[in-house]
Amino acid sequence: MSPTLIPPTTTTTNQPTNQGLTAGIITMATSRTSLRAFLVYAKSAIETAIDSNQRITFVIGNESADLDSMTSSILFAFVRSMAPPRNTFTNLYVPVTNIPYSGIQLRPEFLALLPHANIEPQHLITLDDLPDMSVIKSKILPENTRWILVDHNALQGQLGKIYSDRVAGVIDHHEDENKFPDDTGSEPRVIKKAGSCTSLVTEYCREAWDLLSGSATSSGAAHAQRDRLSDGAAGAKLWDAQVAQLGLASILIDTANLQSKDKITEHDTQAVEYLEAKIMSCPQLSAKFDRSKFYKEIDSAKKDIGGLKLQDILRKDYKQWNERGQKLGISSVVMPIDFIQKKAGKEANTQSLDEAYLEELRKFREDQDLDLFTVMTTSTSSEGEFQRELLVWAFTDNAISAARKFAADAREELGLEDWHGSGGTTHDHHGEKQWRKVWWQRNVQHSRKRVAPLLREAMS
Ligand SMILES: [Mn+2]
């Protein structure tokens, strides 16, 4: 027999096993498994935790639930569950995508990517797999949980109200909100600048993943020879390569296929190299894998939002904050305002595009009950240049002062330049004072990661 690359308990079936269920604590079998089987198992573990009052560790991404958040949580949970640190709270880490299940359909890039990892939307663990927010506290006791945050560093929303004290670790590339202590014991506290959070997760998991895989990063005749002798090893390589593709997709999307000089860091280039090596050492994938083709496939899926309703486009990549009792919401849209106008005009069946799109934004704002609503667009100009538009709309007196302050304070840093028909005066809407303005944001390196803190600062 060849030296085993994997522990002897390896399961090669696609079915989760129950052997990890022991008295008291839910444990994942240390066996290697496919992502598909892992997710099925992790999902069932939530039910077990509820039914038998057991401990559970969640790995959760941010509320915009973009590709980066989804893959960060999965990559971390997948590797960490198979190589948990000693004396850990639980051996199993359950990755949660921070949206209801219906939100997956709004993310065509998810639908394009998941088959590469041999999973389907229903394998993802979403908020719908947790108890209803009104009863979750009694079904999953806070003291029975631990939360690892990826792609954000403060647990938001209803979950934040109940479980903030139970945050045990974080890996993120947003501004540090200093919400929890420096010492996180055996869990990470990594907050660094990087194009993609998935790059930081990859870096963090690398050592453990290598131990699991033998030396999967190096290829060569010796390995090939050895692998032929072991179906289990070949299976593990495929599973690793599938997960690697998930991670790679996020990093490529976040760095424009490693072309975006403003965003890319050493963490990203190294993570891409590492993940790509995992893909290339899998015989089933290496022959036909082409990074640029892969990037283009996911990127065009992401931009293919023409089939979505405008309200869905606005909530597709959306984040919300409470700042001194005021509610701020920011929608990121991968198409320009011009597209939003035409879309709104079409849906309302009217020629008056300006009124139609403003009406749609107003409706979104009302549904979310916002004081301040911002839309950030990204697009490519006819000359092929990456560009950003920024719309800020204030609906209350406090928000109006904040918006004016933001306009003055952030003008230089963001390179704000008046947009045609840009507004910028207060006006009455059915007796309510409002303020709205649109800019070109010429300093395009600044994403919501920077714009959100600037807006929040102006509100405080
Ligand atoms: Mn991110």
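Every number for a ligand or one of its atoms is a count from 1 in the order of the listing.
Taking the six-membered ring where the residue is Trp, the centroids of F364 and Y318 are separated by under 6.0 Å. Between F373 and W393, the distance separating the two ring centers is not shorter than 6.0 angstrom.
Between F294 and F289, the ring-plane angle classifies as tilted under the 30° and 60° cut-offs.
Atom OD2 is the N, O or S atom of D68 at the shortest distance from the Mn ion (ligand 1).
Cation-pi check for R189 over F180 is met; the charged atom lies under 6.0 angstrom from the ring centroid and within 45 degrees of its normal.
Not a single N, O or S atom of D66, from either the backbone or the side chain, sits less than 2.8 Å from the Mn ion (ligand 1).
The NE2 atom of H173 and the OD1 atom of D151 meet at the Mn ion (ligand 1) at an angle of about 80°, given to 10°.
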